Amino acid sequence: AAVVNAARGRELGFRFWAERASRRAGMGSEETFGSGWRLKGLAPVSVHWRLLRDGEVVWQDHTTMMDVEADRAGVWRVELWRGRPEGVWIYSNPIYLR
């Protein structure tokens, strides 16, 4: 689940998850951290992604897809920004890699 600013668009097609080998963790999931975890996301349109770990922005880009290595344990979430002027469209629920 995620919080969506409907004035900026519908969230249909938005996805955020973590993957490691054959394991997949969705929003709200808690997993044991170890090497190999990747944080992935999809958006239906090109948007400004902000990936946060423990509340700090650690990666950002303007794209439709995200694929970033989880380099350490933490509480991971994304914000998607879009529009003119740009504003927050989606706040994801976190993924906990402990």
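Computed from a prediction, not measured in an experiment: that's the story for all the values here.
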- line: OG (S92) and CZ (F14) are apart, to the nearest 0.5 Å, by 5.0 Å
statement: Note: A70 and L39 closest approach over all heavy atoms is CB-CD1, 3.9 Å
- prompt: Does I90 share a hydrophobic cluster with L42, counting links as ILVMFWY side-chain heavy atoms below 4.5 Å and allowing steps through other members?
  reply: no
From M27 atom CE to R15 atom CZ, the distance as rounded to the nearest 0.5 Å: 8.0 Å
- request: Search all heavy atoms of P94 against all heavy atoms of V75 and return the closest pair with its distance.
  value: CB-CG1, 3.5 Å
message: Quick check on the hydrophobic clustering: are W89 and W59 connected, directly or via other members, by side-chain heavy-atom contacts under 4.5 Å?
response: yes
field: Exercise: identify the closest heavy-atom pair between R20 and S35
entry: NE-O, 2.9 Å
message: Please give me the minimum heavy-atom distance between W76 and D71, naming the atom from each residue.
response: CH2-OD1, 3.9 Å
Pairs meeting criterion salt bridge (Lys or Arg N to Asp or Glu O under 4.0 Å) with involvement of residues 83-95, two or more places apart: none
task: For a side chain to side chain contact (heavy atoms under 4.5 Å, CB included) with L51, tell me which candidate from D61, V57, V68 qualifies.
output: V68
message: Can you give me the closest heavy-atom contact between G13 and P44, atom names plus distance?
response: C-CD, 4.0 Å
field: Atom pair CD/NE2 of E79 and H48 - distance to nearest 0.5 Å
entry: 9.0 Å
field: Close side-chain approach of W37 and R23, heavy atoms under 4.5 Å
entry: yes
- prompt: Can you tell me if R82 uses its side chain to pair, donor with acceptor, with the backbone of R8 under 3.5 Å?
  reply: yes
message: Is there a path of hydrophobic side-chain contacts, each under 4.5 Å between heavy atoms of I/L/V/M/F/W/Y residues, joining V45 to L80?
response: yes
- prompt: Are V4 and Y91 co-members of a hydrophobic cluster defined by side-chain heavy atoms under 4.5 Å apart?
  reply: no
- request: Enter the distance from F16:CZ to I95:CD1 here, rounded to the nearest 0.5 Å.
  value: 4.0 Å
message: What's the separation between atom CD in E31 and atom CG in L97, rounded to the nearest 0.5 Å?
response: 7.5 Å
- prompt: Does atom CZ of R72 have more than 12 heavy-atom neighbours, drawn from other residues, nucleotides or ligands, at distances under 6.0 Å?
  reply: no
field: Closest heavy-atom pair and its distance - D54, A73
entry: OD2-O, 4.3 Å
message: Applying a strict under-4.5 Å side-chain criterion to I, L, V, M, F, W and Y, I'd like to know whether V58 and V78 cluster together.
response: yes
